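Here is the naming used below: chain letters follow the sequence lines, and residue numbers restart at 1 for every chain. Everything quoted here is computed from the prediction, not taken from an experiment.
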Number of protein chains: 2
Amino acid sequence: MNIGEAASASGVTAKMIRHYESIGLIAEAGRTGSGYRTYGPKDLATLSFIRRARDLGFSIAQIRDLLALWQDRDRASADVKRIAAGHIEELTAKMRQLQEMVMTLQHLSAHCQGNDRPDCPILERLASGTGDGGACCD
Amino acid sequence: MNIGEAASASGVTAKMIRHYESIGLIAEAGRTGSGYRTYGPKDLATLSFIRRARDLGFSIAQIRDLLALWQDRDRASADVKRIAAGHIEELTAKMRQLQEMVMTLQHLSAHCQGNDRPDCPILERLASGTGDGGACCD
DNA sequence: GTGCACCTTCCCATGATGTCAAGGTCAAGC
DNA sequence: GCTTGACCTTGACATCATGGGAAGGTGCAC
């Protein structure tokens, strides 16, 4: 199986497969006599694993650990769970940040006329930092 | 005012001030005879504006537009509001993505024993993509 | 005149991915 | 055998905002 087939079968682009190999996330692929990379079912499984982990937002470093645990028959599920818990925390922290931004922006936006005139609480807030920061109408 | 003072006064690092200048986000700063950048109150206000906008998650491109509107006395607040609305949409889209990841992870994690044994629904899900994807216990 | 804090420019790194370019390879058709 | 087109190879560069560091000049206080 060539890299292109492996890519479309796993959902990881050929580019990224080569990249993952170059950073040591996956083992070096076998090669044909002419230098083409070859992939087997086991490699495909690993690539699919990586793609699913990326879809869940895990970083490459975390995936490295997850792969090691996956391939370790004597793993403790507690180790996996700890990685997941850490990741959940990271994600929720980001969500809170975004949530705060959205709340502030919605508040400012609600008070912006959105017409032809220049007056705008959004700009005022950016300019001075003091323009109506608190709750006024909840 | 040197770049260091401008940095601590505005909350934008000296590094970033130089960067913003290099990409044309801010005007080139004045220079002393020996080449040191100098900043006045107006520059400080601009830097603070940028920092607040960054804190609200605006991209450099969006900030470029916001700065232009800010400096345009004939602006229409509708233009500002449109930028903000677009940004709010981006942020909420990201939040939804994160939310989905968190939900999935929490679900999988809840079913992981987290003990010394290797069995783990999190790994199973990453490995096969079929390991209990639906709601089972809500 | 020395030392230290600050400034200058320039280069490299992050993380995950995309794009592009120049060249080699394979398989099919003629 | 030769061409063609799809695929592969490596490598460099871009994104986005930011940080780090090196090598060297400047300002000021002692």
Side-chain angles (χ1 to χ4, degrees), chain A residues 1-26 28-39 43 46-67 86-87 90-91 93-94 97-98 101, chain B residues 1-26 28-39 43 46-67 86-87 90-91 93-94 97-98 101:
Chain A
M1 193 177 224
N2 279 343
I3 197 170
E5 295 171 85
S8 53
S10 67
V12 180
T13 63
K15 185 81 190 176
M16 293 314 297
I17 295 176
R18 294 192 194 99
H19 178 62
Y20 291 155
E21 183 183 314
S22 81
I23 63 173
L25 183 66
I26 57 179
E28 292 194 13
R31 300 277 183 144
T32 67
S34 58
Y36 281 25
R37 288 176 179 81
T38 58
Y39 297 88
D43 302 310
T46 302
L47 289 172
S48 299
F49 183 102
I50 292 173
R51 189 187 58 75
R52 292 194 196 93
R54 289 292 305 139
D55 286 348
L56 286 176
F58 285 104
S59 71
I60 298 296
Q62 288 169 323
I63 293 175
R64 206 182 287 270
D65 295 342
L66 289 172
L67 278 173
H87 185 41
E90 292 167 10
L91 293 177
K94 268 190 209 168
Q97 273 192 356
L98 295 181
M101 292 177 187
Chain B
M1 194 178 224
N2 279 343
I3 197 171
E5 295 170 87
S8 52
S10 67
V12 180
T13 64
K15 191 89 186 171
M16 292 314 298
I17 295 176
R18 294 193 194 98
H19 177 61
Y20 291 154
E21 182 184 315
S22 81
I23 63 173
L25 183 66
I26 56 180
E28 292 194 13
R31 300 276 184 146
T32 67
S34 58
Y36 281 25
R37 288 177 180 80
T38 57
Y39 297 88
D43 303 309
T46 302
L47 289 171
S48 298
F49 183 102
I50 292 173
R51 191 186 59 73
R52 292 195 197 94
R54 289 292 302 140
D55 287 348
L56 286 177
F58 285 104
S59 70
I60 297 296
Q62 287 169 324
I63 293 175
R64 205 181 289 270
D65 295 342
L66 289 172
L67 278 173
H87 185 42
E90 294 166 10
L91 293 177
K94 268 189 208 167
Q97 273 193 356
L98 295 180
M101 292 177 187

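At whole-Å resolution of the value, CD in A/Glu5 and P in C/dC26 are 14 Å apart. Rounding to whole angstrom units, NZ of residue B/Lys94 and C1' of C/dA16 are separated by 14 Å. Rounded to an integer number of Å, the gap from A/Ile63 CD1 to C/dA16 P is 7 Å. Atom CD in A/Gln62 sits about 12 Å away from atom P in C/dG15, given to the nearest Å. Remark: P of C/dT14 and CD1 of A/Ile23 are 10 Å apart, rounded to the nearest angstrom.
With axes fitted over five pairs at each extremity, the angle between the ends of the helix from C/dG1-D/dC30 to C/dC30-D/dG1 is 30° (10° resolution).
Not counting sequence neighbours, B/Tyr20 has no partner by the ring-ring contact (aromatic ring centres under 6.0 Å, His included) test. Listed by chain and number, the residues in a side chain to side chain donor-acceptor pair (under 3.5 Å) with A/Asp65 amount to none (sequence neighbours excluded). By the salt bridge (Lys or Arg N to Asp or Glu O under 4.0 Å) test, B/Arg52 is found to be paired with no residue, residues two or more places apart in sequence or in another chain being considered. Every residue meeting the side chain to side chain contact (heavy atoms under 4.5 Å, CB included) condition with A/Ser59, not counting sequence neighbours, appears here in chain and number order: A/Ala61, A/Gln62. Legend: residues meeting side chain to side chain donor-acceptor pair (under 3.5 Å) with A/Arg51, ordered by chain and number and at least two apart, are A/Asp55. For A/Arg18, the salt bridge (Lys or Arg N to Asp or Glu O under 4.0 Å) test picks out no residue, with sequence neighbours left out. Partners of B/Glu21 under the salt bridge (Lys or Arg N to Asp or Glu O under 4.0 Å) rule, at least two apart in sequence or in another chain, are B/Arg31, B/Arg37.
For the segment residues 48-58 of chain A, the set of residues with a heavy atom within less than 4.0 Å of an atom of DNA chain C comprises A/Arg54, in numerical order. Taken residue by residue, residues 8-22 of chain A places heavy atoms nearer than 4.0 Å to DNA chain C at A/Thr13, A/Lys15, A/Met16, A/His19, A/Tyr20.
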Derivation and outcome, side chain to side chain contact (heavy atoms under 4.5 Å, CB included), residues A/Asp43 and A/Ile26: CA-CA 8 Å; A/Asp43 302 310; A/Ile26 57 179; over 6 Å; no
Verdict with supporting geometry, B/Ile60 and B/Arg54, side chain to side chain contact (heavy atoms under 4.5 Å, CB included): CA-CA 8 Å; B/Ile60 297 296; B/Arg54 289 292 302 140; 4.1 Å; yes
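Residue B/Ser59 is in sugar-phosphate contact alone, with no base atom involved, counting any heavy-atom pair closer than 4.0 Å across all strands shown.
The phosphate of C/dT9 has OP1 or OP2 within less than 4.0 Å of a side-chain N or O from B/Arg37.
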Side-chain donor-acceptor pairs under 3.5 Å in residues 4-17 of chain B, sequence neighbours left out?
| from | atom 1 | to | atom 2 | distance (Å) |
| --- | --- | --- | --- | --- |
| B/Glu5 | OE2 | B/Asn2 | N | 3.2 |
| B/Ser8 | OG | B/Gly4 | O | 3.3 |
| B/Ser8 | OG | B/Glu5 | O | 3.3 |
| B/Ser10 | OG | B/Ala6 | O | 2.8 |
| B/Ser10 | OG | B/Ala7 | O | 3.4 |
| B/Ser10 | OG | B/Val12 | N | 3.2 |
| B/Thr13 | OG1 | B/Met16 | N | 3.1 |

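For the residue pair B/Leu56 and B/His87, the shortest heavy atom distance occurs at O-NE2, 2.8 Å. Nearest heavy-atom pair, B/Leu47 versus B/Tyr39, reported as atom, atom and distance to 0.1 Å: CD1-CD2, 4.5 Å.
Put simply, chain A comes within 4.0 Å of DNA chain D, heavy atom to any atom, from D/dC7 to D/dA12, going 5' to 3'.
Nearer to the 5' terminus of DNA chain C, by closest-nucleotide assignment, is the contact made by A/Ile60 (compared with the other of A/Ile60 and A/Thr32).
Atoms CG and CD1, from A/Leu67 and A/Ile50 in turn, are 5.0 Å apart once rounded to the nearest 0.5 Å.
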